[in-house]
Structures are given as structure tokens and as C-alpha cells.
**Student:** 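Here it is, the structure, as C-alpha cells.
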Amino acid sequence: MGERIEQSSGSGKIKRSSELRTETRLELEDLGDLRRTHYCGELRVEDAGKSVVLMGWVRRRRDLGELIFIDLADRTGIVQVVSSRDRSAQAFSAAELLRSEYVVAVEGKVTKRLPENVNPALPTGEIEVEAVRIHILNTAKTPPFYIQDNTDADENLRLKYRYLDLRRYPMLRNLELRHRAVKAVRDYLSSLGFWEIETPMMTRSTPEGARDYVVPVRTAPGKFFALAQSPQLFKQLLMVAGVDKYFQINRCFRDEDLRADRQPEFTQIDIEMSFAGEEEVFSLVEGLLGYTWKTVLGVTLPVPFPRMTYREAVARYGTDKPDIRFGMEIHDVTEAFRGTSFKVVADVLRRGGRVKALVAPGQAGMPRSQVDALVERAKGYGAKGLITLAYLDGEVRSPARKFLSDSELDRVREMSGAVTGDLVLCVAGEDVPCCEVLGKMRLDLGRTLGMIPRGSSAFLWVTEFPLLKINEDTGEWEAAHHPFTSPVPEDLERFEELARTDRGAIRARSYDVVLNGVELASGSIRIHRRDVQEKVFRVLGLNEEEARKRFGFLLEAFEYGAPPHGGIAFGMDRLIMMMAGAETIREVIAFPKNSSGTCVLTDAPASIDREKLEELGLEVKVPHS
RNA sequence: GGAGGCGUGGUGUAGCCGGUCAAACAUACGUGCCUGUCACGCACGAGAUCGCGGGUUCAAAUCCCGUCGCCUCCGCCA
């Protein structure tokens, strides 16, 4: 017991710590009948005089020779244990042996500290525990990084030793926050009559959407389950079943590239309700988030949330998930250039394009190198070019100055709302792409110019997304949300006409919850009528037979009395991330994958044995690793 | 798939317009001293062939090429 065997064992190179730290004198004790009476972080002045038994980890040891202080830590916090020979010879000799992260039980007496010894930085700082007996329950190797609140250790190292990383209070607090948020969600939805029902994770691969994770099946060689990308179809079946109000906190799997706020497996709060329209979903969600924020963070959210259509969001913010914590909206300045002799812009206008503008307040004096960087960035975002106009006192500085007339410059200033001292960025081209470029520039500038207020939460409903979108790869129209999303009633009335002339303009009864520019939830009112579903399938280019093949079970179910229904699904991890104020989703997941999609802790994904492949009827083509 | 950034003792960094660098600093680690510390302090000690491979050169942590890993973003994510 208690060996401190280093990884290099066997190499012949013995690290000193592996020997000296164990010393012959160190004997581990069993827990026996010893039981904890208090948690470390809970002790207060009122506890002074009490005899206590604490259990925890030695976070720090301050050895003053004949006086040893120990910071004893458990999930509730840290308390100082003091030990000296005159108080207890046993405790003192044990304290001399202690090292970082040893596991100990401390029997002792809570004493009020002298005023000059109080540590105001600690909730337990007014007291300390005088050790009477110290039981060393386990030793510990020296941790590969510091177990302290602020770490700058490499994230992959943290992930490899995630159990140590989680020992840090910010991480423990995130885990607790998550637990409380999940509980709040369950409590709230349950109180409104929602039933939590589990749906399969192993299911059938569907052609739409993200790439599937695939599960080979021994009993059906050559066939595969897909891990569910969402419980979408099943929750709709539950509506047909008459469940009426359903929710689930479930895991979803999507095999796509990762991001700071995206993991290949993630948790969703999935909700569906029958005989409801948008307003019922909206108020449910506002109530749910309001309750959760209040219970977990003690913060009252302003409800109802503001609403904005997709079209408006793109026009004003260049994105379908605007961060409305700051202004800096996009302006259409096309008319300022009507009849311009600036060839590049004139060409765009002739083709029916637009000119969009973004005002960077007070940035007219931006150095040329930075302005050039902005132009490059805009190109990186897909713009053909970026016209920068620096409105200085009495002059306008711009690389395109000689192509532009004074009146054009005045009109741009007027239409964009720019004032002297501002830098105006203009992009010419197709309407939506221009807005999207400027939308990204807006976020970049908002961040670098410090325009985004910290600590504020700006919720927003974005509604009426397009029903269809064009797939860039295939050039075909696809469902933007999923193929069971209802069109808005007005557009359904003239559905045939729109399907012929302007498919992209058909609006869906779909909606997102956006918080500070992050998509938190997404949902829709579904199609429950066969005739409507057929129309949508038709515009998607699916005939009866193809639709049957893909979604047959759902379509069949819908023939047995599907109620009108709709719902929404939250990205739980993102929700918690926002509540915790974390930078990445990984900070609120106990055991996340790194951004390359591997689990550093278990070294998964990994190869499997030849025999297992054999059994599954699989052959691997890539060179073995 | 694309762009950018990073990779040096356990950890975090410096060095990186080539030589005096078998590499500095902090911290962690070990030993000793220390009775009021709380990031304790002081002293001493151990610890890295600078991600990997190749090239240029009299000489490479440093320059070049390739490669691997990681992080962020774009594409992608109904």
C-alpha cells in the first residue's frame, strides 16, 4: 500500500518521490468505525468548541517546524487544521508525513481563531480545527498539475487526469450547478404535468441531418443501428399515443466537427406538447428558464423574451442568432450608391445586389494595418471585398475615395447613422451573404472593441425560419429544420405558388431561443395533417414511395389520429455553460471529448480486436493503428 | 476540407534576427531549519537530449521542409 510508483517504473529510472514519499513510518489506516461528523467547508464560528471528524484531501501543508497547518479539502470547501506536538503527538507525527492530496480523516476540536489569525479569504477563516488524531487513509502521487481554482494547465492534461481536474472547486461548482439546473428543469416540467419518457438511443439511421454514429450488430451482421441524433420522431409518436406532454433529458449523438460549444455527444432537454401552438411553447419555455435561473442562480429573468423574425435577424444582425447585448446593427445603404460610377458597386447593383454597412464607432483613426486586416477578414468570411470609409473631421479617408462622390459619402453617412470619428464598413453583393459577412465582422468588432457588456443575459426568440434551404453540395432543396415542420398558415395558402417561384421564402412555424448570440434551443410546430405533409414532401422532391421508405413508420402513425403538436429542444450543455459563465461546453461536462473528438482519458475511439470484427461481420479497410 | 496559433524539466513560461544554451525563471518535488501560517519563509538538491523526422550549416531549441498532437475559427452541425 501507499507505493508511489511513477510511470517510469520498469525503465530502471527510479524517481525519488516514489520512495521517499512513502517512508517506512507511514502506515495507512482503515476507515473502521470512524465516520465524518461535518464537511470541511461548513464549519463556522458557531461550531467552536465542537469535537469533529473530518474527511478529505490534504490540499496544502504549511510546515513551520513544530507547528504544521493543513488545508483540508472536500467538495464543500477548505478548513485549516492545525497540529503541534503539545496538542497531540500522534496527530503531529502523522501531519509530518502528509503530502499533497493524501486522503485523511481528522479528529479534532473546532477553535475560534485569534483575531489576528483570521483568514477573511476563507468562509471557514474564523475558525480552525486542532488535530487530536490524524488518520492517513491513503497516499497520493504528486498531481501532474496544481489542484487550485485557477489553472493554466494544458486542457488535454486536465482531460487525461479529469478526476483531478474535477477536484478543483470551479469544476465541482459546475457539476453542482448542472445538477441543480437539471433538477429545476425536472421539477418545473413535472409540476406542469409533463412526463419524462425515455426513447431509444439505438435507432434507425435517417438520411437527413448530421452524420450518424453507427453501431454494428452481432445478431444482424452487416446491419447497423444509428445512435439517435435526437428523439424527434419518437416524441412525435408519443404525441400520437396521447401522452400529451412529454419531456426528456437525453443524450444525442452527431458525428460532425467539434467546436468550443459542440460535442459529439451532448445532452438535450427535449419537450413536446399536444394541442399547442407557438404561444404555449413560448410561455412554457419562458417559465422554465425563468424558474431555472431563479432557483439556480437567484436571478430574475425579464420575460417575455423579445421576438424577432429570421428575416429581421439576418437583415439587422447578419445572423439567425443575434447577440443583442450590443447595437451596431447592419444598415442597407444601397440607395446611397444608386447611379454610382464606382464600377465594382455599379456592377453589383445592376445584378440586383445590395450594399450593406456596419459602423465601427470611433474607429476612424484605426491604423492602416488594422484596416487591412479587417478587409482580409471580410474576404475570409466570403466577401469579394470590403469598402472602408473613415469619417474624419472634414474628410473621408478610404482606399476607394477616388471612386466615390461627396454626395455618395454623405448619403452613406446618413443612411448608416455614422458620425465623425466612425469607421464604416461596406460590403456589396447579394443581400443575405453581405449581411452574414457583416454579422461576423460585427461580432469580431464587438468583442475587440469591448462593446459587449459582461454579465448581462439577452434572451431572444427568433421565429419564422425558412422552411427550406438549398443544399450547397447537391443543389437540392432540403428541410431547414426537419421535414415535419409546419409552414406558416399564410404561406401554406399560397404554397403551390411559392413552391414554384420562391421556395426559400416559405416560412416555417419554427423558432429558436438565442442567448447572447448562442443558439440555446430550437423547435417548431409540427405537421399533423396528411395533406400538408404531402405538400411539403413534394416540394422537398420526395414522392410517396420515397417518403414511405424514409419515414414510413411515422407517416403510418400519423394516419391513426395525430393531434396538432409542437415542441422544442434545448442544448443542455450550452444552457449550463451560459449559466456557469464558462468559456467552453467542456467546462460543464464531467468527461468531455477534446476538440478533435477523442476521449483523452480512455483513449477512445480505439481499434477493436480482429475477433470482434469477425463476429460483427466487419472488415476494416484503413491501415490498422 | 480550409485558415490561424501553439508544442522547451512534473506544471506554466522565457530563449527562437544560429555559436558564450547540454538551456533561464517561477512553481511543484526531495532534504534540512523554523510555533501562527494560510500561494508560509529560508537554504540546499534533483529534474529537459527543446513534439517527431529530414534538410541547410563548421555549428540548430533557434532557419527551411515534412509530419504528428493540441486550441480557436470558417466549412459542416435537419
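These values consider heavy atoms only, across backbone and side chains, with no hydrogens, waters or symmetry-generated copies. Reminder, nothing fancy here: chain letters follow the sequence lines and each chain counts from 1.
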**Student:** Which of parallel (below 30°), tilted (30 to 60°) and perpendicular (above 60°) describes A:Tyr310 and A:Phe465?
**Tutor:**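 Tilted.
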
**Student:** Work out how far the P atom of B:A43 is from that of B:U27, and round it to whole angstrom.
**Tutor:**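 Here B:A43 and B:U27 have their P atoms 11 Å from each other.
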
**Student:** What distance, rounded to whole Å, do you find between the two P atoms, one in B:A60 and one in B:C50?
**Tutor:**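 Between the two P atoms, the distance is 12 Å.
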
**Student:** Just checking A:Asn117: base, sugar-phosphate only, or nothing, at a heavy-atom cut-off of under 4.0 Å?
**Tutor:**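 Contact class for A:Asn117: base.
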
**Student:** Could you check A:Thr199 against A:Gln248 for side chain to side chain donor-acceptor pair (under 3.5 Å), going step by step and ending with a plain yes or no?
**Tutor:** CA-CA 8 Å; A:Thr199 55; A:Gln248 184 180 189; 3.0 Å; yes

**Student:** Assuming nearest nucleotide by heavy-atom distance, tell me which of A:Asp152 and A:Arg262 is located more 5' along RNA chain B.
**Tutor:**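 The residue closer to the strand's 5' end, by nearest nucleotide, is A:Asp152.
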
**Student:** Any strand counts, and the cut-off is 3.5 Å on both contacts for Watson-Crick or G-U wobble. Which nucleotide pairs with B:C42?
**Tutor:**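 Partner of B:C42: B:G32.
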
**Student:** What's the gap between B:G7 and B:A14 when it is taken at their P atoms, as a whole Å value?
**Tutor:**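 Each nucleotide's P atom is 7 Å from the other's.
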
**Student:** Within the pair A:Arg59 and B:A28, is there a side-chain N or O less than 4.0 Å away from OP1 or OP2?
**Tutor:**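 Negative; the distance criterion is not met.
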
**Student:** With both distances under 3.5 angstrom, what nucleotide forms a Watson-Crick or G-U wobble pair with B:C25?
**Tutor:**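 By the stated definition (distances under 3.5 Å), B:G12 pairs with B:C25.
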
**Student:** Mind calculating the distance between CD (A:Glu116) and P (B:C40) to the nearest angstrom?
**Tutor:**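 Atom CD in A:Glu116 sits about 20 Å away from atom P in B:C40.
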
**Student:** Taking atom types as modelled, is there a side-chain donor on A:Thr463 or A:Glu278 under 3.5 Å from an acceptor on the other?
**Tutor:**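 On atom types as modelled, these side chains do not qualify, holding no pair under 3.5 Å.
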
**Student:** Just the rounded figure in Å: distance from P of B:A3 to NZ of A:Lys379.
**Tutor:**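 A:Lys379 atom NZ is separated from B:A3 atom P by 17 Å.
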
**Student:** Pick base, sugar-phosphate or nothing for A:Leu157, based on heavy-atom distances below 4.0 Å to the nucleic acid.
**Tutor:**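 Sugar-phosphate only.
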
**Student:** From C-beta outward on A:Asp86, which listed nucleotide comes closest to its side chain: B:G30, B:U37, B:U35?
**Tutor:**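 Comparing B:G30, B:U37, B:U35 against the side chain of A:Asp86, the answer is B:U35.
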
**Student:** Will you find, in the side chains of A:Gln80 and A:Asn119, an N or O donor that is under 3.5 Å from an N or O acceptor?
**Tutor:**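 Side chains of A:Gln80 and A:Asn119: no pair found under 3.5 Å.
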
**Student:** In this structure, how many angstroms lie between the P atom of B:C40 and the CG atom of A:Asn119, rounded?
**Tutor:**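 Distance check: A:Asn119 CG to B:C40 P gives 11 Å.
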
**Student:** Return the OG1 to CD distance between A:Thr485 and A:Gln533, rounded to the nearest 0.5 Å.
**Tutor:**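 Rounded to the nearest 0.5 Å, the OG1-CD separation comes to 9.0 Å.
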
**Student:** Where does the angle between the aromatic ring planes of A:Phe484 and A:His482 fall among parallel (under 30°), tilted (30 to 60°) and perpendicular (over 60°)?
**Tutor:**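 Plane angle between 30° and 60°, so tilted.
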
**Student:** Taking pairing as Watson-Crick or G-U wobble with both contacts under 3.5 Å, can you name the mate of B:A59, or confirm there isn't one?
**Tutor:**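 Pairing partner: none.
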
**Student:** For nucleotides 41-44 of chain B, tabulate all protein N/O to nucleotide N/O atom pairs closer than 3.5 Å, reporting atom names and distance.
**Tutor:**
none

**Student:** Can you check the distance between B:G75 and B:U56, where both ends of the measurement are the C1' atom (answer in whole Å)?
**Tutor:**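 To the nearest whole Å, 38 Å.
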
**Student:** Please measure how far the P atom in B:G10 lies from the corresponding atom in B:A23, and state the result in whole Å.
**Tutor:**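 My reading of the P atoms in B:G10 and B:A23 gives 15 Å.
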
**Student:** Taking atom C1' in both B:C65 and B:C71, compute the distance separating them and give it to the nearest angstrom.
**Tutor:**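 Here B:C65 and B:C71 have their C1' atoms 24 Å from each other.
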
**Student:** Does A:Ser100 put a side-chain nitrogen or oxygen below 4.0 Å from OP1 or OP2 of B:A28?
**Tutor:**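 Answer no for this pair, as no side-chain N or O of A:Ser100 is under 4.0 Å from OP1 or OP2.
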
**Student:** Regarding A:Arg60, tell me which of base, sugar-phosphate or nothing describes its non-hydrogen contacts under 4.0 Å with the strands shown.
**Tutor:**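 Touches sugar-phosphate only.
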
**Student:** Looking just at side-chain N and O atoms, do A:Asn594 and A:Asn156 make a donor-acceptor pair shorter than 3.5 Å?
**Tutor:**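 Checked: A:Asn594/A:Asn156 side chains pair up, N/O donor to acceptor below 3.5 Å.
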
**Student:** Let's see if you can work this out: which of B:U72, B:U27, B:G12 has an atom nearest to the side-chain heavy atoms of A:Ala153?
**Tutor:**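 The listed nucleotide nearest to A:Ala153's side chain is B:G12.
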
**Student:** Between the protein and nucleotides 67-70 of chain B, are there any N/O to N/O pairs under 3.5 Å, and if so, what are the atom names and distances?
**Tutor:**
unit_1, atom_1, unit_2, atom_2, d
B:C70, OP1, A:Asn594, ND2, 3.2
B:C70, OP1, A:Ser596, OG, 3.4
B:C70, OP2, A:Ser596, OG, 3.0
B:C70, O5', A:Ser596, OG, 3.4
B:C70, O3', A:Asn156, ND2, 2.6
B:C70, O2', A:Asn156, ND2, 3.3

**Student:** Would you classify A:Gln80 as touching base, sugar-phosphate or nothing, given that sugar-phosphate means primed atoms plus P, OP1 and OP2, and contacts are heavy atoms under 4.0 Å?
**Tutor:**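 Base, at least one base heavy atom under 4.0 Å.
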
**Student:** Quick one: look up who B:G53 pairs with, Watson-Crick or G-U, both distances under 3.5 Å, and put none if it's unpaired.
**Tutor:**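 Pairing partner: B:C65.
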
**Student:** Using atom C1' in both nucleotides, what's the gap between B:G5 and B:C16 to the nearest angstrom?
**Tutor:**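 That atom pair is separated by 16 Å.
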
**Student:** Please tell me which of the listed nucleotides, B:G36, B:G75, B:U27, lies nearest to the side chain of A:Arg87?
**Tutor:**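 In terms of side-chain proximity for A:Arg87, the closest of B:G36, B:G75, B:U27 is B:G36.
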
**Student:** For A:Gly597 and for A:Pro483, find the nucleotide of RNA chain B with the closest heavy atom, then tell me which residue's nucleotide is more 5'.
**Tutor:**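 It is A:Gly597, whose closest nucleotide lies nearer the 5' terminus.
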
**Student:** Answer with yes or no whether the side chains of A:Arg526 and A:Ser524 bring together a donor and an acceptor at under 3.5 Å.
**Tutor:**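 There is such a pair (donor and acceptor under 3.5 Å, judged by atom type) between the side chains of A:Ser524 and A:Arg526.
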
**Student:** What integer number of Å spans the P atoms of B:C25 and B:C34?
**Tutor:**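 Rounded to whole Å, the distance is 28 Å.
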
**Student:** Within the structure shown, what part of the strands sits under 4.0 Å from A:Gln232 by heavy-atom distance: base, sugar-phosphate, or nothing?
**Tutor:**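 Touches a base.
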
**Student:** Could you tell me which nucleotide pairs with B:G47 by Watson-Crick or G-U wobble geometry, both distances under 3.5 Å, or answer none if nothing does?
**Tutor:**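 Per the H-bond distance test, none.
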
**Student:** Give the rounded distance in Å between these two atoms: CG of A:Leu64 and C1' of B:C38.
**Tutor:**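 Atom CG in A:Leu64 sits about 10 Å away from atom C1' in B:C38.
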
**Student:** With sugar-phosphate meaning primed atoms plus P, OP1 and OP2, does A:Glu128 contact a base, only sugar-phosphate, or nothing at under 4.0 Å between heavy atoms?
**Tutor:**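 Touches a base.
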
**Student:** To the nearest Å, give me how far apart CG (A:Leu114) and P (B:U35) are.
**Tutor:**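 So the CG-P distance, A:Leu114 to B:U35, works out to 18 Å.
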
**Student:** Enter the distance from A:Arg262:CZ to A:Leu258:CG here, rounded to the nearest 0.5 Å.
**Tutor:**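 Reported value, rounded in 0.5 Å steps: 7.5 Å.
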
**Student:** Between A:Arg259 and B:C71, is there a contact of a side-chain N or O with OP1 or OP2 at under 4.0 Å?
**Tutor:**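 Answer is no, no contact under 4.0 Å.
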
**Student:** Please find the pair of heavy atoms, one from A:Arg59 and one from A:Ile78, that lie closest to each other, and give the distance.
**Tutor:**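 Smallest interatomic distance, heavy atoms only, reads CG-CD1, 4.2 Å.
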
**Student:** Regarding A:Asp270 and A:Tyr246, do their side chains bring together a donor and an acceptor under 3.5 Å, going by distance alone?
**Tutor:**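 Note: A:Asp270 and A:Tyr246 side chains meet the donor-acceptor criterion.
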
**Student:** Within the 3.5 Å criterion, strictly below it, is a donor on A:Tyr381 or A:Asp444 matched to an acceptor on the partner's side chain?
**Tutor:**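 A pair is found: one side chain offers a donor N or O, the other an acceptor, under 3.5 Å apart.
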
**Student:** For B:U72, which nucleotide is its Watson-Crick or G-U wobble mate, given both distances must be under 3.5 Å?
**Tutor:**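 B:A3 is the nucleotide pairing with B:U72.
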
